[in-house]
*Asks:* 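My questions will all concern the structure given below.
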Protein chains: 2
Amino acid sequence: MDKKYTIKDIAKLAGVSKGTVDRVLHKRGKVSPAALDKVNEVLKVIDYEPNLIARNLKNNKIYRICILLPDPEIDPYWRPCLNGIDDAVKEFKAYNLVIETFYFNPEKKKSFLKANEAVLELSPDAVLLAPLFHKETVDVIEKYHSLNIIVNTFNNQVESSFVKSFVGQDLFRSGRVAAKLLDSITDNGQIAIVHIDETYKNAIHMQEKERGFRNYFDEKENSAYTITTLKLKNPNVEISFNTFLNENPDLSGIFVTTSKSYQIAKIISDFKNKKIRVVGYDLIDENVSYLNQGVIDFIIHQNQKRQAYLGITSLVEYFLFQKEIPEMILLPIDIVNAENAEYYVE
Amino acid sequence: MDKKYTIKDIAKLAGVSKGTVDRVLHKRGKVSPAALDKVNEVLKVIDYEPNLIARNLKNNKIYRICILLPDPEIDPYWRPCLNGIDDAVKEFKAYNLVIETFYFNPEKKKSFLKANEAVLELSPDAVLLAPLFHKETVDVIEKYHSLNIIVNTFNNQVESSFVKSFVGQDLFRSGRVAAKLLDSITDNGQIAIVHIDETYKNAIHMQEKERGFRNYFDEKENSAYTITTLKLKNPNVEISFNTFLNENPDLSGIFVTTSKSYQIAKIISDFKNKKIRVVGYDLIDENVSYLNQGVIDFIIHQNQKRQAYLGITSLVEYFLFQKEIPEMILLPIDIVNAENAEYYVE
DNA sequence: AAATAAAGTGTGTTCGAGCACATTTATTGT
DNA sequence: ACAATAAATGTGCTCGAACACACTTTATTT
């Protein structure tokens, strides 16, 4: 009754052979106008959907996907990605897929290049990478492209027409979200945007967040906030920031643009004069701990796990089921407080 | 080199036929100890993973899944579910699946029962339902179970050992999230928990949210809040709440436990005396509009779309790939403000 | 020891799409 | 009109797992 139509069914209905139907469906030509009409007539009436299972059984090529990201041992920010990768691997382990992960030292361009060389050795079908070093990334992307290897990026965006897809967040928007949060939890006064030195990290990341943050307050009429940008460098963060705190008694809110908000939290938790509100990024353990203590008020979740997961699954589904890969997948900007954190921590 | 092992490969390696390997893999018996050992020896060495594609090609049974939920025309809360269902249908349309949706009037038990009868007529393999009427739900679940039809629920939980899986949110926790939000955006004063009459809705829903909300403040030391619960009924919401507002000039925050926060927002947006903060539920248009106007501060997203989507996909993957269905899938409690709303609106 | 039952093993077909190749039909040139 | 060639069409095999069925070997009964 509601059995799916097969090519054989169409052939029978149209009074031709399955070979002809196949040629029509794939526009391979070598079909007479008469036969073409007959088949199209049938296709118009019935709703044919090729059986993906059967289609893929034949195509038993092994697809190889390589993922390149900074070593989570060096920067724990990337740890959740491993879970995302793991989920994807588990989900597709029954298919003809080889998914391999490569780490590089996020502080060393050489390490990044070396990892890419190792990937090239394997001549994979696709590469998913977290592009930290701009120039180097553009170069390797071109290399991959010339070898017909698909390149997708996640977390960081990079300008290159050779990148098929990007998974990440709108950082400008995420800055606005942070601004809105601080706006709602602080009374007027001074707000500090704090960039904590992460030498290697694409500075664009932090800049975009700052732009969004300031944009929110610029748009707001009669805003009585003063916004100051602070660039702190380890190991001087503590001293510099303490000085700043003492010089700015009006400070009511802090927006930390990196996952290092725990460093700021540590300082202000000793600083009992006044309640200062903090909004930061990323659910790493130290941050969650200060979130639970009430020192950090909100954390914006960048959802690295899902970024990695979607980066892989979109490639897998492209290879296995010829699903189109969207040029850009923007993940929601999740707002986390002490009460809903457990659902996002990975 | 890294081709996947097939049953044939195992057979060759073990020096038996693929029939014997098959019997070992499926524990069908009729295998001599000697042959069993040989096959197990090979299986120990190699990492065999059956090809799901091939497996499912053979099993060309058509699975029928029915979804029962309130008519979104009557309660727009359920509208996002349609998108979730749609996504799942699209994703699996190439497989042997029939997914059918049935609506019932959320105000009429009879309508619910009638919808279930229609479902029973089709004798599906599984049913996914939003259980509104407790007693009736328990009855139909028993009926389904006796007919070997799998029953999963979403959105509302119902006590029944016959339910295989539940997809939803922890409502107690969501009450706590709301409390934390109001706590962070209001100064001490009075807070109102507002239940707006939705006759049909399982009152447990709202009660759980209230319990969580109060629990947060109970746990908080030296909290200087007064918490009042208000039960409002349409069409008297406006009059009653205006009276309440006038009688309680100290009111600083409102927690609306249903998706009707726009009704409260409408009232307080005319009430210019003081800034009153509002936290409510669900991204329906009216609420988002007040969110953007700054009348509602936060909305908790119940993610109906994903609830429906996961409810279906878990069943599909169970049938198609014999994946286990988790007994309970708890979705994150998403916090939404005017800046990140666009990512959640469906 | 032969007959019969039981246990163990292998072979062959199926699922649906895809594609190579064989076969048939139509068209062109002489 | 009849090759020669081109165009159109159909047949049959493949992928891997699953399972029915036929066949062979071993065990049990008389």
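Every value quoted in this text rests on a predicted model; they were computed, and no experiment measured them. When reading the values below, keep in mind they use all heavy atoms of this one structure, side chains included, and skip hydrogens, waters and symmetry mates.
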*Asks:* Is there a side-chain contact between B/R55 and the phosphate of D/dA18, meaning an N or O under 4.0 Å from OP1 or OP2?
*Replies:* yes
*Asks:* Once you round it to whole Å, what is the distance between P of D/dA18 and NZ of B/K61?
*Replies:* 18 Å
*Asks:* For DNA chain C, which residues in residues 10-18 of chain A have a heavy atom at a distance below 4.0 Å?
*Replies:* A/K18
*Asks:* Please work out if B/R28 contacts a base, only the sugar-phosphate, or nothing of the nucleic acid, heavy-atom cut-off 4.0 Å.
*Replies:* sugar-phosphate
*Asks:* Parallel under 30°, tilted from 30 to 60°, perpendicular over 60°: which one fits the rings of A/F162 and A/H145?
*Replies:* parallel
*Asks:* Establish, from distance only, whether the side-chain atoms of A/Y144 and A/N116 form a donor-acceptor pair under 3.5 Å.
*Replies:* yes
*Asks:* Please classify the nucleic acid contact of B/L57 as base, sugar-phosphate, or nothing, using heavy-atom distances under 4.0 Å.
*Replies:* base
*Asks:* Which nucleotide, D/dA18, C/dG10, C/dA17, lies nearest any side-chain atom of A/Y48?
*Replies:* C/dA17
*Asks:* Can you confirm if the NZ or CZ of A/K61 lies within 45° of the ring axis of A/Y63 and under 6.0 Å from the centre of its six-membered ring?
*Replies:* yes
*Asks:* Does OP1 or OP2 of D/dC19 have a side-chain N or O of B/H26 closer than 4.0 Å?
*Replies:* no
*Asks:* What nucleic acid atoms does B/N51 come within less than 4.0 Å of, heavy atoms only: base, sugar-phosphate, or nothing?
*Replies:* sugar-phosphate
*Asks:* Strictly below 4.0 Å: does A/T20 bring a side-chain N or O up to OP1 or OP2 of D/dG10?
*Replies:* yes
*Asks:* Under a plain distance cut-off of 3.5 Å, with no hydrogens placed, do B/E91 and B/Y309 share a side-chain donor-acceptor pair?
*Replies:* yes
*Asks:* Of the nucleotides C/dG8, D/dC21, D/dA18, which has the atom closest to the B/R23 side chain?
*Replies:* D/dC21
*Asks:* Return the 5'-most residue of the pair B/P33, B/K58 with respect to DNA chain C, ranking by each residue's nearest nucleotide.
*Replies:* B/P33
*Asks:* Can you tell me the distance, in whole Å, between the NZ atom of B/K4 and the P atom of D/dG16?
*Replies:* 12 Å
*Asks:* Could you tell me whether a side-chain N or O of A/N155 sits under 3.5 Å from a main-chain N or O of A/A130, the two making a donor and an acceptor?
*Replies:* no
*Asks:* Would you say B/Q169 and B/L330 make side-chain contact, with heavy atoms under 4.5 Å?
*Replies:* no
*Asks:* Quick check on D/dT9: is either OP1 or OP2 less than 4.0 Å from any side-chain nitrogen or oxygen of A/S32?
*Replies:* yes
*Asks:* With a 3.5 Å cut-off and no angle check, do the side chains of B/D334 and A/Y344 form a donor-acceptor pair?
*Replies:* yes
*Asks:* What's the CD-P distance between A/E49 and C/dA17, to the nearest Å?
*Replies:* 10 Å
*Asks:* Nearest-Å distance, CD1 (B/I7) to P (C/dT9)?
*Replies:* 16 Å
*Asks:* In whole angstrom, what separates B/D22's CG from C/dT11's C1'?
*Replies:* 13 Å
